[in-house]
Number of protein chains: 2
Amino acid sequence: MPLSFATDPSAGSTAEQEAYRHLLQGVREGRYRAGDRLIPEDIATEIGMSRMPVREAFRRLAADGLVLIRPNRGCVVAGLTLDEISETFEMRSVLEGLAVRCALPQMTADSFDELERLLDRMERAGAASGGDWVLRHQEFHAAIYNLSRRPKLIRQINALHVVIEPYMRIWFDYVNKPLSARDEHQGLIDALRAGDVKAAEAVMQDHILGTAALLADYASPDRR
Amino acid sequence: MPLSFATDPSAGSTAEQEAYRHLLQGVREGRYRAGDRLIPEDIATEIGMSRMPVREAFRRLAADGLVLIRPNRGCVVAGLTLDEISETFEMRSVLEGLAVRCALPQMTADSFDELERLLDRMERAGAASGGDWVLRHQEFHAAIYNLSRRPKLIRQINALHVVIEPYMRIWFDYVNKPLSARDEHQGLIDALRAGDVKAAEAVMQDHILGTAALLADYASPDRR
DNA sequence: CACTGGATCTGTGTATCCACTTATCCAATC
DNA sequence: GATTGGATAAGTGGATACACAGATCCAGTG
């Protein structure tokens with residue numbers, strides 16, 4: 001399975017979809033980097049279409065917060081300041097807390113086994129490339145939220161994941177070992193198994209804010 | 001001051017901006033109703049431009065969740081199911097709870113006076129037309145969140161307000177008296193004055209979920 | 001009555017053109 | 001030598017015309 005999407009990829013027709021996918025993947029994987037200028041002409045020829053679908057894709061990406069369109073000055077890949085990164089994690093913490101709260105009542109014994117399985121996969125990916133770990137990590141979280149039966153909530157969470165994904169990759173490549181991946185997430189599974197909704201929500205919030213703190217720690221003294 | 005925006009209105013150039021504003025206002029005010037088909041040709045001539053900027057505006061609106069674009073079948077105004085409405089209120093409750101938590105430490109005595117003033121305006125608007133009350137109500141909430149210094153959070157909250165605005169208008173026109181507007185919001189101000197961050201967040205969440213319950217009550221037996 | 005096969009409409013993509021803004025660079029000037 | 005100013009290039013934004021494909025509708029057929 002390839003990358004997932006920030007907004008509904010089926011909203012828009014063939015060529016526009018392809019342009020959107022192409023650009024989205026490019027940004028997520030870090031091939032297009034923050035501040036890079038995106039020239040419709042070039043991208044259109046790159047993927048073999050005219051400029052219009054590309055321009056339309058820009059608008060979707062802008063709404064996702066992935067690029068910035070300034071009148072008469074074209075389209076650049078958006079970057080996040082440190083403040084914006086922590087703001088994003090704050091939003092994640094409350095939204096994903098809500099998602100856990102909604103998902104927990106839907107969980108069965110099978111669900112927990114599935115999560116254990118995904119955690120294993122994530123750990124194995126941790127040994128290899130950073131990008132892969134990030135995807136497995138998203139997959140693990142998504143497996144929980146998908147049970148919440150809250151499509152709009154899930155989509156919003158997804159969009160936030162996408163926005164910070166490039167930074168997660170950079171960070172992961174730097175620390176290059178799967179932090180306390182097992183401990184952190186095993187704790188989460190245990191909290192879910194216990195069935196205490198309030199507690200599970202709190203664990204999820206702490207998990208996310210904890211990650212934010214680690215990432216801020218890494219970025220702050222380094223970039224200054 | 002006219003209507004505010006879901007996404008950054010400055011992202012896009014003159015004609016596209018105008019198309020976006022026009023469509024956004026139309027949806028918010030209920031001039032375009034859920035299920036209405038939006039024909040680029042018609043709208044383009046309506047506001048005196050070609051179809052291209054209109055099509056681009058569609059993409060932004062689709063990303064905001066206000067319209068639906070189905071491949072080869074054009075653009076229709078999105079409607080919310082009852083489930084989606086309550087899902088939206090759930091998301092509002094946690095996001096606006098977070099916003100209050102961030103805003104409270106920034107508040108001064110002046111802030112509270114300002115809120116009282118806005119509450120008065122809201123109450124006066126309540127006596128008149130429903131649409132005006134909805135705007136004043138948004139204004140009151142926005143006054144709090146704007147202190148949070150969280151631009152992305154504020155934007156997201158705004159987008160959610162816009163999505164449910166048509167339903168708020170319908171509902172308000174039906175009940176036609178400002179519910180417990182003063183009590184509800186006065187309680188909120190008092191909680192803020194007390195300075196207890198946890199409590200203020202809880203009050204905000206209850207306020208929003210309470211509104212959701214009222215709205216669901218109105219919609220559920222009526223539409224069935 | 002269900003199904004088939006156009007005819008038509010409309011959404012979508014392409015190609016091209018043009019006006020206007022922004023960016024770049026070089027030379028003249030202080 | 002730094003700054004200003006203007007010529008020039010590049011790129012955006014919009015309009016228009018056209019080709020094509022998928023949807024929709026309707027009548028004719030079995």
Side-chain angles (χ1 to χ4, degrees), chain A residues 5 7-27 32-79, chain B residues 5 7-27 32-79:
Chain A
F5 295 95
T7 62
D8 189 351
S10 73
S13 208
T14 44
E16 196 264 3
Q17 277 184 39
E18 202 186 320
Y20 182 71
R21 294 177 59 125
H22 175 86
L23 290 166
L24 184 59
Q25 283 206 5
V27 172
Y32 299 124
R33 298 238 293 264
D36 282 0
R37 206 169 150 192
L38 299 177
I39 292 148
E41 190 77 41
D42 297 352
I43 290 159
T45 55
E46 199 177 315
I47 49 182
M49 64 180 64
S50 74
R51 293 183 320 182
M52 191 186 317
V54 176
R55 278 171 57 179
E56 281 170 347
F58 283 171
R59 294 285 138 85
R60 292 248 301 279
L61 291 164
D64 294 342
L66 294 174
V67 302
L68 215 84
I69 302 176
R70 288 173 307 172
N72 291 318
R73 288 205 268 163
C75 182
V76 296
V77 178
Chain B
F5 295 93
T7 62
D8 189 351
S10 73
S13 209
T14 44
E16 195 265 1
Q17 277 184 39
E18 203 186 319
Y20 181 70
R21 294 177 59 127
H22 175 85
L23 290 166
L24 184 59
Q25 284 205 5
V27 173
Y32 300 123
R33 299 238 294 264
D36 283 359
R37 221 173 133 186
L38 299 177
I39 293 147
E41 188 76 40
D42 297 352
I43 290 158
T45 56
E46 199 176 316
I47 48 181
M49 64 180 64
S50 79
R51 296 179 316 195
M52 190 184 320
V54 176
R55 278 172 58 179
E56 282 170 349
F58 283 171
R59 302 295 147 141
R60 292 247 299 278
L61 292 165
D64 294 342
L66 295 174
V67 303
L68 216 83
I69 302 177
R70 287 173 309 171
N72 293 319
R73 286 205 268 163
C75 183
V76 297
V77 178

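A, B, ... follow the sequence lines: proteins, then strands. Residue 1 opens every chain.
Note on A:R73: a side-chain N or O is less than 4.0 Å away from OP1 or OP2 of C:dA23.
A distance of 10.5 Å separates CG of A:L61 from OH of A:Y32, quoted to the nearest 0.5 Å. Going from atom CD1 of B:I47 over to atom CZ of B:R21 covers 11.5 Å, rounded to the nearest 0.5 Å. Note that CG of B:L66 is 10.5 Å distant from CG of B:L38, once rounded to the nearest 0.5 Å.
Nucleotide C:dA23 holds its P atom 8 Å from the CZ atom of A:R70, rounded to whole Å. D:dG13 atom P lies 14 Å from atom CE of B:M49, rounded to whole Å. Distance CD1 (A:I69) to P (D:dG14): 11 Å, rounded to an integer number of Å. Taking atom CD of residue B:Q17 and atom C1' of nucleotide D:dG14, one finds them 14 Å apart after rounding to whole Å. Regarding B:E16, its CD atom lies at a distance of 13 Å from the C1' atom of D:dT12, rounded to whole Å. A:I47 places its CD1 atom 13 Å from the C1' atom of C:dG13, with the value rounded to the nearest Å. Rounded to whole Å, atom P of D:dA10 lies 15 Å from atom CZ of A:R51. Between A:R55 atom CZ and D:dG11 atom P there is a gap of 15 Å when expressed in whole angstrom units.
Among the nucleotides C:dG13, C:dT14, D:dG14, the one closest to any side-chain atom of B:E56 is D:dG14. Ranking C:dT10, C:dG13, D:dA15 by closeness to the B:R37 side chain, first place goes to C:dT10. Side chain of A:N72, nearest nucleotide from D:dG11, C:dT22, C:dT12: C:dT22. Which of C:dT14, C:dG11, D:dG14 sits closest to the side chain of B:M52 comes down to D:dG14.
Partner of A:M52 under the side-chain contact (heavy atoms from CB on, under 4.5 Å) criterion, out of A:E56, A:R55, A:M49: A:E56 alone.
Projected onto DNA chain C by closest heavy-atom contact, A:G48 and B:P40 fall at different nucleotides, the more 5' of which corresponds to B:P40. Both A:I39 and B:P53 lie close to DNA chain D; mapped to their nearest nucleotides by heavy-atom distance, the more 5′-ward contact belongs to A:I39.
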- Message: Assess the residue pair B:R33 and B:V77 against the criterion (side chain to side chain contact (heavy atoms under 4.5 Å, CB included)); give the C-alpha distance rounded to whole Å, side-chain angles, the decisive distance to 0.1 Å, and a yes or no.
- Response: CA-CA 6 Å; B:R33 299 238 294 264; B:V77 178; over 6 Å; no
